[in-house]
Amino acid sequence: MFTVKREINFSNEHECLIIGLFEKPNKFDGVLAQLDQQFEGQLTELVKSKDLSAKKKAVTKVHTFGHIGAKRLFVVGLGREKDYSFDVLREALGKTFKVVKSSMIQEAAVYLDSFLSEEVDALDAAHAVSEAFALSTYRFAGYKQKSNDPAKTIENISVYSVVADEEDVKASLTVGYAHGKGTNSARTLVNLPGNMLTATDMANYARELASKYDFEAEILEKEDMLKLGMGALLAVNQGSAEPPKMIVLKYQGKEEWKDVIGLVGKGITFDTGGYSIKSKDGIVGMKTDMGGAAAVLGAMEIIGELKPEQNVVAVIPSTDNMVSGNAFKPDDVITSMSGKTIEVLNTDAEGRLVLADAVTYAKHHGANYLVDVATLTGGVIVALGMDTTGALTNNEALWEQVLEASYEAGEPIWRLPLFEKDKQRVRSSKIADLNNSPGREGHAIMGGAFVGEFAEDTPWVHLDIAGTSTTRKEHDLGPAGATGVMVRTLALLVERFETESN
């Protein structure tokens, strides 16, 4: 896919050449000056006439008419250098690769050094190139009848850099591409309809990952859950014709199984709300209620590709939440794997129930740190909108590492408060240890606080992606539909994780 070259030769033949342009009052310099000479000063004239823009994320296609070996030149506007950042570059490149793809181009070249600044070095730029390429060109094929004229895709990208070591650039391209592909895998899982992604299908997908990357895999069946007392997950599954699965993947990157990071993802493959049934409008789209599971599986794909020196256990409780004569009901009392009893006040608050048993089981597998990811509450959308993931935590040090990873991934999260009074509300049942729905007030906080009751003293961060797991509109780094949010945040957390023993 990617070829790295040190020597810049304008006579090299390419279908297109991609180059960055900052807004500067002075004349072209460096590679751009050399390129302008090849065009006999015509690039300068195009800038003067405003036919070639350096404004942020502007993309201009210029036909080369034989002045250089590349048939087309795509000039990417980077804006003012003082406002330039890795995020700006990633989005600008994403927009560019979309334009390149729509031009039916199958091979491209990138002059990496034209995208560098004091804030963005060559390795950052290489990472941005490969990640943006993977993310922006993703499409979910769907189930429409296929055209006899398949769309062309970009198959090869040559990356030119004089200033950076060739092997270092290759390594950064590999990491960025792994991040993009893992995110795309999660997007595909979330986009799949519920009849084509059951708990069994998700378990089979996890087995395939385990086989490919040599993970240790464990898939608990219903009989296993009964023996282990996983009453919370089993209660949610009661109304379903599909068997539940508790999916476990273990990656050991250290000699000893210690300092284990537990990634827990909600895997509800379709959510009717149960007897607290959703409205006819609210039920549409509930195939995406396994976005947390998809994020964990996408992160595990990246971990399998890059093999960081960390220990990770991924735990995914998977079932659908259906209505039938066997389904659990409001006022039921169930017993979780931890032994804590739960009064069910809302069967549509099922995600926190399956997470309860999954968090307990992650600790059973030795998780010393916990991060759970879930499309948990509509309340987080009311609080933070569709672009920001909500978070709760019981540990400042772990929270700071998750926050730093989210900044680097470009996946914003915002911490919600968690006070003792919040915890008391989920402990307010008169007949059980906990209740699963204390009321609408602070809904996102209540959902996370419930999960925190099972994390107990283990350092824990909860990520509510109900708003961010999908988007209604196309954007620079992908289409409408599933976003694959938190895949890269989780992967970066694992790659950069610092423990007291490090």
Heavy-atom closest contact ([X] atom, [Y] atom, distance):
{"X": "Ala409", "Y": "Arg90", "answer": "O-NH2, 3.3 Å"}
{"X": "Ile302", "Y": "Gly182", "answer": "CG1-CA, 4.0 Å"}
{"X": "Asp387", "Y": "Thr468", "answer": "C-CG2, 3.5 Å"}
{"X": "Glu256", "Y": "Gln252", "answer": "C-NE2, 3.7 Å"}
{"X": "Leu297", "Y": "Leu249", "answer": "CD2-CD1, 4.0 Å"}
{"X": "Ile247", "Y": "Ser318", "answer": "CD1-CB, 4.4 Å"}

Is [X] salt-bridged to [Y], cutoff N-O under 4.0 Å?
{"X": "Glu91", "Y": "Lys56", "answer": "no"}
{"X": "Glu396", "Y": "Arg415", "answer": "yes"}
{"X": "Lys170", "Y": "Glu166", "answer": "yes"}
{"X": "Lys98", "Y": "Asp476", "answer": "no"}
{"X": "Asp259", "Y": "Lys254", "answer": "yes"}
{"X": "Lys71", "Y": "Glu13", "answer": "no"}
{"X": "Arg139", "Y": "Glu474", "answer": "yes"}

For [X] and [Y], does a side-chain donor sit closer than 3.5 Å to a side-chain acceptor?
{"X": "Trp460", "Y": "Asn395", "result": "no"}
{"X": "Tyr160", "Y": "Asn9", "result": "no"}
{"X": "Ser85", "Y": "Asp87", "result": "no"}
{"X": "Tyr361", "Y": "Glu218", "result": "yes"}
{"X": "Glu301", "Y": "Ser185", "result": "yes"}
{"X": "Glu495", "Y": "His179", "result": "yes"}
{"X": "Tyr138", "Y": "Thr188", "result": "yes"}
{"X": "His67", "Y": "Glu40", "result": "no"}

Indicate yes or no for a side-chain donor-acceptor contact from [X] to the backbone of [Y] under 3.5 Å, with no hydrogens or angles considered.
{"X": "Glu208", "Y": "Ser211", "result": "no"}
{"X": "Arg472", "Y": "Ala480", "result": "no"}
{"X": "Arg72", "Y": "Lys61", "result": "no"}
{"X": "Asn156", "Y": "Glu107", "result": "no"}
{"X": "Lys307", "Y": "Gly304", "result": "yes"}
{"X": "Lys245", "Y": "Ala203", "result": "no"}
{"X": "Asp113", "Y": "Val162", "result": "yes"}
{"X": "Arg187", "Y": "Leu135", "result": "yes"}
{"X": "Thr269", "Y": "Thr198", "result": "no"}
{"X": "Asp289", "Y": "Asp271", "result": "no"}

key: Verdict with reasoning, Thr489 to Glu411, per side chain to side chain donor-acceptor pair (under 3.5 Å)   = CA-CA 7 Å; Thr489 293; Glu411 299 179 324; 2.6 Å; yes
From [X] [atom1] over to [Y] [atom2], what is the distance, rounded to the nearest 0.5 angstrom?
{"X": "Cys16", "Y": "Ile105", "atom1": "SG", "atom2": "CD1", "answer": "4.0 Å"}
{"X": "Leu52", "Y": "Thr60", "atom1": "CG", "atom2": "OG1", "answer": "4.5 Å"}
{"X": "Asp83", "Y": "Ser117", "atom1": "CG", "atom2": "OG", "answer": "11.0 Å"}
{"X": "Thr153", "Y": "Met104", "atom1": "OG1", "atom2": "CE", "answer": "9.5 Å"}
{"X": "Leu463", "Y": "Thr375", "atom1": "CG", "atom2": "OG1", "answer": "12.5 Å"}
{"X": "Leu21", "Y": "Leu35", "atom1": "CG", "atom2": "CG", "answer": "10.5 Å"}

task = Measure the acute angle between the ring planes of Phe133 and Tyr177, then classify it against the limits of 30° and 60° as parallel, tilted or perpendicular.
result =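 Judged by the thresholds at 30° and 60°, the geometry between Phe133 and Tyr177 is parallel.
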ask   = For the residue pair Tyr143 and Phe140, does the interplanar ring angle fall in the parallel (under 30°), tilted (30 to 60°) or perpendicular (over 60°) class?
value =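 Because their plane-to-plane angle is over 60°, the rings of Tyr143 and Phe140 count as perpendicular.
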Taking C-beta and beyond as the side chain, do [X] and [Y] meet within less than 4.5 Å on heavy atoms?
{"X": "Asp464", "Y": "His462", "result": "yes"}
{"X": "Met290", "Y": "Ile268", "result": "no"}
{"X": "Tyr205", "Y": "Asp201", "result": "no"}
{"X": "Ile19", "Y": "Val76", "result": "no"}

Give a yes or no on this: more than 12 heavy atoms of other residues, nucleotides or ligands lie within 6.0 Å of atom [atom1] of [X].
{"X": "Glu155", "atom1": "CD", "result": "yes"}
{"X": "Asp214", "atom1": "CG", "result": "no"}
{"X": "Trp257", "atom1": "CH2", "result": "yes"}

message = Apply side chain to side chain donor-acceptor pair (under 3.5 Å) to residues Tyr213 and Glu305 and explain how you reach the verdict.
response = CA-CA 7 Å; Tyr213 297 115; Glu305 287 284 343; 2.6 Å; yes
request  = Please assess Lys363 against Leu370 for the test side-chain contact (heavy atoms from CB on, under 4.5 Å), listing each intermediate value before the final yes or no.
outcome  = CA-CA 8 Å; Lys363 293 196 296 182; Leu370 292 164; 4.0 Å; yes
query = Would Val402 and Tyr407 count as a side-chain contact (heavy atoms from CB on, under 4.5 Å) if you check the C-alpha gap in whole Å, the side-chain angles of each, and the deciding distance to 0.1 Å?
reply = CA-CA 9 Å; Val402 174; Tyr407 279 147; over 6 Å; no
inquiry  = Checking Tyr111 against Phe10 for the ring pair (Phe, Tyr, Trp, His ring centres under 6.0 Å) test, could you report, in this order, the C-alpha distance in whole Å, the side-chain angles of both residues, the deciding distance, and whether it holds?
reply    = CA-CA 11 Å; Tyr111 278 168; Phe10 291 111; 5.6 Å; yes
ask   = For the residue pair Phe497 and Tyr369, is the inter-centroid distance of their aromatic rings smaller than 6.0 Å?
value =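 Phe497 vs Tyr369: aromatic centres under 6.0 Å.
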message = Could you walk me through whether Leu263 and Val312 satisfy the side-chain contact (heavy atoms from CB on, under 4.5 Å) test, starting with their C-alpha distance in whole Å, then the side-chain angles of each, then the deciding distance to 0.1 Å, before giving a yes or no?
response = CA-CA 7 Å; Leu263 304 180; Val312 183; 3.9 Å; yes
task = Check the pair Phe86, Glu119 against side-chain contact (heavy atoms from CB on, under 4.5 Å), reporting the backbone distance first and the verdict last.
result = CA-CA 8 Å; Phe86 180 83; Glu119 294 295 321; over 6 Å; no
ask   = Which one of Ile413, Val371, Asn394 satisfies the side chain to side chain contact (heavy atoms under 4.5 Å, CB included) criterion with Trp399?
value =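 For Trp399, the side chain to side chain contact (heavy atoms under 4.5 Å, CB included) check succeeds only for Ile413.
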